[in-house]
S.K.: 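I have a structure I would like to understand better, so I am pasting it below and will then ask my questions one at a time.
Each residue takes its place number in the sequence, starting with 1.
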Amino acid sequence: MSLLRSFIAIEIPLEIQQNIYEETSNIRKEIDGLVRWVPVENMHLTLKFLGDVSPSNVEFLMQMLRNEADHVSGFTLHLAGLGSFPSLKRPRVIYIGIQAPAALDALHRGIESASRRLGYEPEERPFSPHLTLGRVRQNITAVEQQKIRRCIEGTQVDVLGTARVDSVQLYKSELKPSGSVYTRLYSAPLKK
C-alpha cells in the first residue's frame, strides 16, 4: 500500500485564478527562465502540509477535518499584492498576498492542533496566508536574483478578487515529470 503525499487547503475560485494569471502575465514573461511557475489550476491556500499519509489514515483525517470545519463559520478572503519569501532581497517563493479574517486563523490553528494530535509534525514557521505563484530556481546568480527583486518591486498587483470560503479540502499530490497533480480526496463544509 503506497503512501499518499497529502495536504489540507482552501480552493480558490477559477475566476480569481484567471485574474491572477492575467495580472501577473508581465512578471511571468520577464523572469520566466528563473522561476518555476505554479499552474493556475493548482493555486490554493495551504493550511497544513501533511507529507506522506497512509491510506488507512485518510478516514481519520476526513473526520478531523469535519470536526474542525464544524467550529468555524464561512468567511471571505481578499487577494491583493505581490511579495516574496523569505525576503525581497533573497526571493525563494513569489506569492500573492491574502488579507484574511480571524476565522481563517482559527481554522488554521484548529487544523494544526488536531493534526499534531494525530501524529503529524507541527509547522515551525508562523502561518502566513498566501498563494504561491512560483518558486525561484536553485543556483541562480546574484545578477539574476537582483532582476527578480527589481521585477517584483516594479510590479503593481492590486485587488485580484474576493473569495467566499465555505469549505476546506484534503488533497493528495502526485509528483509527475510535468509537475504536481492535485486530487481532492475530501471536502468538509464550514459551519453554516
Side-chain angles (χ1 to χ4, degrees), residues 5-12 16-52 77-102 104-105 107-109 111-113 115-116 120-163 165 168-169 171-182:
R5 188 170 194 257
S6 302
F7 62 93
I8 296 168
I10 291 172
E11 288 181 348
I12 301 299
I16 292 177
Q17 290 174 331
Q18 290 169 338
N19 284 350
I20 291 168
Y21 187 78
E22 290 165 16
E23 289 291 321
T24 60
S25 63
N26 287 341
I27 189 174
R28 281 186 282 104
K29 284 180 202 152
E30 211 169 311
I31 56 175
D32 188 43
L34 305 175
V35 177
R36 285 186 331 271
W37 301 104
V38 173
V40 68
E41 66 275 8
N42 281 1
M43 285 184 192
H44 60 271
L45 170 54
T46 302
L47 296 176
K48 175 71 180 166
F49 179 73
L50 298 164
D52 291 332
L77 299 176
H78 302 281
L79 290 87
L82 185 68
S84 65
F85 293 126
S87 70
L88 202 50
K89 286 184 180 175
R90 295 183 313 112
R92 300 298 317 147
V93 172
I94 300 171
Y95 67 85
I96 295 293
I98 295 179
Q99 298 164 359
L104 176 61
D105 282 331
L107 180 61
H108 173 261
R109 279 193 315 275
I111 288 170
E112 188 67 51
S113 177
S115 298
R116 193 174 19 231
Y120 295 94
E121 289 291 316
E123 178 59 55
E124 304 274 320
R125 295 170 294 200
F127 181 55
S128 181
H130 67 281
L131 298 183
T132 299
L133 275 182
R135 290 173 181 81
V136 176
R137 294 191 183 277
Q138 302 276 333
N139 304 321
I140 63 169
T141 67
V143 170
E144 291 169 328
Q145 204 167 34
Q146 286 290 76
K147 180 179 181 179
I148 293 170
R149 182 182 60 78
R150 281 194 309 275
C151 193
I152 293 170
E153 286 176 337
T155 302
Q156 180 68 35
V157 176
D158 293 321
V159 176
L160 293 164
T162 299
V165 178
V168 61
Q169 287 72 36
Y171 287 95
K172 76 173 179 176
S173 171
E174 295 174 275
L175 301 175
K176 304 217 177 210
S178 58
S180 296
V181 175
Y182 302 147

S.K.: Can you name the side chain to side chain contact (heavy atoms under 4.5 Å, CB included) partners of R116, sequence neighbours left out?
M.R.: S113, P122
S.K.: If I take atom CD from residue E22 and atom CG from residue L160, how far apart are they, to the nearest 0.5 angstrom?
M.R.: 10.5 Å
S.K.: Can you tell me how far the CD1 atom of I16 sits from the CD1 atom of I20, to the nearest 0.5 Å?
M.R.: 7.0 Å
S.K.: Taking only residues two or more places apart in sequence or in another chain, which ones pass side chain to side chain contact (heavy atoms under 4.5 Å, CB included) with D158?
M.R.: Q156
S.K.: Among all residues two or more places apart in sequence or in another chain, which pass the side chain to side chain contact (heavy atoms under 4.5 Å, CB included) test with P86?
M.R.: R90, R92
S.K.: Among residues at least two apart in sequence or on other chains, which ones pass side chain to side chain donor-acceptor pair (under 3.5 Å) with Q145?
M.R.: none
S.K.: Out of V93, I94, V38, which residue meets the side-chain contact (heavy atoms from CB on, under 4.5 Å) rule with L133?
M.R.: I94
S.K.: Going by side chain to side chain donor-acceptor pair (under 3.5 Å), name the residues that satisfy it together with T141, two or more places apart in sequence or in a different chain.
M.R.: E144
S.K.: Compile the donor-acceptor pairs under 3.5 Å between side chains in residues 124-132 and protein atoms, sequence neighbours left out, one pair per line.
M.R.:
| residue | atom | partner | partner atom | Å |
| --- | --- | --- | --- | --- |
| R125 | NE | E123 | OE2 | 3.2 |
| R125 | NH2 | E123 | OE2 | 3.4 |
| H130 | ND1 | S128 | O | 2.7 |
| H130 | NE2 | T132 | OG1 | 3.4 |

S.K.: When rounded to the nearest 0.5 angstrom, what is the spacing between CG in L34 and CD1 in I148?
M.R.: 4.5 Å
S.K.: Drop me the distance from I8's CD1 to Q169's CD, to the nearest 0.5 angstrom.
M.R.: 10.5 Å
S.K.: Salt bridge (charged side-chain N to carboxylate O under 4.0 Å, His left out): which pairs involve residues 24-45, sequence neighbours left out?
M.R.: none
S.K.: List for me each residue that meets side chain to side chain contact (heavy atoms under 4.5 Å, CB included) alongside S84, sequence neighbours excluded, and say none if there are none.
M.R.: L88, P91, I152
S.K.: Please confirm whether the backbone N or O of V181 pairs with a side-chain atom of E174, one donor and one acceptor, at under 3.5 Å?
M.R.: no
S.K.: Report the residues that fulfil side chain to side chain donor-acceptor pair (under 3.5 Å) with E23, sequence neighbours left out, ordered by chain and then residue number.
M.R.: none
S.K.: Could you give the side-chain donor-acceptor pairs of residues 43-51 under 3.5 Å, partners two or more places apart or in another chain?
M.R.:
| residue | atom | partner | partner atom | Å |
| --- | --- | --- | --- | --- |
| H44 | ND1 | N42 | O | 2.7 |
| H44 | NE2 | T46 | OG1 | 2.9 |
| K48 | NZ | E112 | OE2 | 2.9 |
| K48 | NZ | E121 | O | 2.5 |

S.K.: Applying ring pair (Phe, Tyr, Trp, His ring centres under 6.0 Å), which residue pairs with at least one partner in residues 19-38 are found, sequence neighbours left out?
M.R.: none
S.K.: For F7 and Y182, take the angle between the two ring planes, folded into 0 to 90°, and tell me which bin it lands in: parallel under 30, tilted 30 to 60, perpendicular over 60.
M.R.: perpendicular
S.K.: Between K147 and I31, is a side-chain contact (heavy atoms from CB on, under 4.5 Å) present by the stated rule, with each step listed?
M.R.: CA-CA 8 Å; K147 180 179 181 179; I31 56 175; 4.2 Å; yes
S.K.: What residues, two or more places apart in sequence or in another chain, satisfy salt bridge (Lys or Arg N to Asp or Glu O under 4.0 Å) together with E153?
M.R.: R149
S.K.: Would you please test L104 and V165 for side-chain contact (heavy atoms from CB on, under 4.5 Å) and show each step?
M.R.: CA-CA 9 Å; L104 176 61; V165 178; over 6 Å; no
S.K.: I'd like to check I96 versus V157 (side-chain heavy atoms, cut-off strictly below 4.5 Å). Are they in contact?
M.R.: yes
S.K.: So how far is it from Q146 CD to I140 CD1, rounded to the nearest 0.5 Å?
M.R.: 10.0 Å
S.K.: Taking side chain as C-beta onward, heavy atoms only, is I27 less than 4.5 Å from V35?
M.R.: no
S.K.: Determine, stepwise, if the pair L79 / V159 fulfils side-chain contact (heavy atoms from CB on, under 4.5 Å).
M.R.: CA-CA 6 Å; L79 290 87; V159 176; over 6 Å; no
